[in-house]
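Whatever order the structure lists them in is the order used to number ligands and atoms, beginning at 1.
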Amino acid sequence: MNINTPSNTNIYGPYQTHLNDILDDITGRLKSASEKHRLETGEALFEHINGRVKHEDSMIEKCKRRHLPATPYSALHELTDAIGIRVVTTFRDDIDRVIHIIENFDDCDIVERKDYIRHVKPNGYRSYHLILSIKTPYADVCGNKPGHYFVEIQLRTIAMDTWASLEHQVSYKKNIDPKRAELLSQELKRCADELASCDISMQTIRNLIKEKE
Ligand code: 0O2
């Protein structure tokens, strides 16, 4: 048991019950927008969407890593990824379309952006991250009602997502000898760059098809 978390409570405290509702709300808005886009253009906005409330143990571990007490205030105010959504698109330009839709969501402000597509991480990671602050009918951890909750949204193409999932598996592997680890990092980076080049080719093909239409 974590000494900062009183027994019989979880790290999200009484706010736990709202987190899934907020997740469903934002996921539902994105699915509706995709359906509307499909009716208008014949194409969905994204290939798939996943959402999760960060598991309690992962949140406690993250608080520890950030030297924060494992409290609802840390989990829901100091950290911003208790509610996380990943939108995976087929083409790169759909990422900008989804961002534009999110920018126009009612009762939501974008409070942070990280563009790892234009500013690729040294290991090759590519993705676009947004932190939304959503106004809800619920009380929040700061004592406000209506309260504000953070939602992290990650947007990436199928190729970027495939790479991130592979890199995630590799980074969890311990006891790799340093020489092999170095080789693995180089191969992963090369693979990320090749996939990025495929994304550009796919986009070019899509643009050419659209031009013809
Ligand atoms: P989970 O289980 O995916 O939620 P931090 O949250 O401390 O890791 P920071 O700066 O607060 O980092 O946030 P950032 O850079 O926006 O990244 C947060 C999330 O992006 C991570 O969540 C991963 O999901 C993803 N991510 C970032 N960098 C990488 C990377 O190099 N490789 C892969 N595969 N994913 C990455 P969590 O908290 O790690 O876990």
Side-chain angles (χ1 to χ4, degrees), residues 2 4 10-12 15-16 19-20 22-24 26-27 30 46-89 92 95-96 98-99 102-103 108-134 141 148-174 176 181-196 198-199:
N2 187 294
N4 294 312
N10 69 37
I11 188 161
Y12 299 123
Y15 310 98
Q16 163 93 52
L19 304 182
N20 279 312
I22 297 165
L23 176 65
D24 290 346
I26 298 294
T27 308
L30 286 163
F46 46 80
E47 209 273 329
H48 67 268
I49 181 168
N50 293 323
R52 59 101 184 99
V53 172
K54 200 176 189 87
H55 192 281
E56 232 196 303
D57 295 342
S58 305
M59 184 52 90
I60 291 171
E61 189 272 320
K62 185 160 184 174
C63 288
K64 270 192 193 160
R65 204 165 10 105
R66 294 286 184 91
H67 306 290
L68 294 168
T71 60
Y73 186 82
S74 303
L76 299 173
H77 191 72
E78 305 278 1
L79 300 176
T80 52
D81 67 342
I83 304 168
I85 295 172
R86 187 168 294 150
V87 180
V88 178
T89 67
R92 273 181 69 146
I95 294 178
D96 293 329
V98 180
I99 293 169
I102 296 170
E103 283 168 345
C108 289
D109 291 314
I110 295 174
V111 294
E112 194 180 330
R113 294 170 193 258
K114 285 185 192 163
D115 185 349
Y116 294 124
I117 298 176
R118 281 177 189 82
H119 307 284
V120 181
K121 280 182 66 170
N123 62 357
Y125 179 73
R126 287 169 172 83
S127 188
Y128 193 101
H129 296 187
L130 290 174
I131 306 292
L132 284 191
S133 170
I134 174 171
V141 75
H148 286 82
Y149 285 77
F150 292 117
V151 180
E152 182 188 83
I153 306 183
Q154 300 181 349
L155 303 119
R156 48 174 85 150
T157 62
I158 298 171
M160 294 172 197
D161 193 49
T162 305
W163 183 91
S165 129
L166 175 65
E167 192 272 346
H168 187 69
Q169 287 173 38
V170 172
S171 65
Y172 268 83
K173 295 232 182 299
K174 306 278 179 235
I176 304 180
E182 175 60 26
L183 182 65
L184 265 175
S185 306
Q186 284 170 7
E187 282 301 297
L188 275 170
K189 174 73 171 72
R190 193 170 62 82
C191 181
D193 294 343
E194 282 176 3
L195 288 169
C198 285
D199 266 342

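- Taking the six-membered ring where tryptophan is involved, the planes of H129 and Y116 are perpendicular, since the angle between them exceeds 60° and thus also 30°.
- Salt-bridge formation is detected for the pair E103/R113: a Lys NZ or Arg NE/NH1/NH2 atom is positioned less than 4.0 Å from an Asp or Glu carboxylate oxygen.
- Remark: K189 does not engage E187 in a salt bridge, criterion side-chain N to carboxylate O under 4.0 Å.
- When side chains are defined from C-beta on, I102 does not count as touching C108, because their heavy atoms never get closer than 4.5 Å.
- When each atom of ligand 1 is checked for a heavy atom of R52 under 4.0 Å away, the hits are 4 (O).
- Among protein heavy atoms, atom 25 (C) of ligand 1 sits closest to Y125 OH, 3.2 Å.
- Less than 4.0 angstrom separates some heavy atom of Y116 from each of these atoms of ligand 1: 14 (P), 15 (O).
- Of all the atoms in ligand 1, the ones that sit under 4.0 Å from a non-hydrogen atom of R66 are 5 (P), 6 (O), 7 (O), 9 (P), 11 (O), 12 (O).
- Using a 4.0 Å cut-off to heavy atoms of K62, the atoms of ligand 1 that qualify are 5 (P), 6 (O), 7 (O), 38 (O).
- The K121 neighbourhood of ligand 1 comprises atoms 27 (C), 28 (N), 29 (C), 30 (C), 31 (O), with distances under 4.0 Å to a heavy atom of that residue.
- Any N or O atom pair closer than 3.5 Å counts here, and Q154 shares at least one such pair with ligand 1.
- C191 SG to Q186 CD: the interatomic distance, rounded to the nearest 0.5 Å, is 13.5 Å.
- Taking every non-hydrogen atom of N123 and a distance limit under 4.0 Å, the qualifying atoms of ligand 1 come out as 30 (C), 31 (O).
- Which parts of ligand 1 touch A164 is read off a 4.0 Å heavy-atom cut-off, strictly below it: atoms 34 (N).
- Remark: atom 1 (P) of ligand 1 lies closer than 4.0 Å to at least one protein heavy atom.
- Between R118 and D115 a salt bridge is recorded (basic side-chain N to carboxylate O distance below 4.0 Å).
- Between D161 and R156, at least one side-chain N (NZ, or NE/NH1/NH2) sits under 4.0 Å from a carboxylate O, which counts as a salt bridge.
- Counting the atoms of ligand 1 from 1 in the order shown, those under 4.0 Å from a heavy atom of E167 are 30 (C), 32 (N), 33 (C), 34 (N).
- Between K62 and D81 there is a salt bridge, since a side-chain N of the basic residue sits under 4.0 Å from a carboxylate O of the acidic one.
- Looking at E61 against ligand 1, nothing comes within 4.0 Å, counting heavy atoms.
- The nearest protein atom to atom 17 (O) of ligand 1, hydrogens excluded, is given as H129 CE1, 3.7 Å; this is a heavy-atom distance.
- The nearest protein atom to atom 8 (O) of ligand 1, hydrogens excluded, is given as R65 NH1, 4.3 Å; this is a heavy-atom distance.
- From the protein, the heavy atom lying nearest to atom 40 (O) of ligand 1 is K54 NZ, 3.7 Å.
- Defined by atom type and a distance below 3.5 Å, a donor-acceptor pair is present between the side-chain atoms of E152 and Q154.
- Using modelled atom types, one finds a donor on one side chain and an acceptor on the other under 3.5 Å when comparing Q16 with N10.
- Between H77 and Y73, the angle of the ring planes lies from 30° to 60°, which puts this pair in the tilted group.
- In R86, the part holding a heavy atom less than 4.0 Å from any atom of ligand 1 is the side chain.
- What sits closest to atom 18 (C) of ligand 1 on the protein, heavy atoms only, is E152 OE2, 4.0 Å.
- In terms of polar-atom proximity, K114 is counted as a contact of ligand 1, with an N or O under 3.5 Å from an N or O of the ligand.
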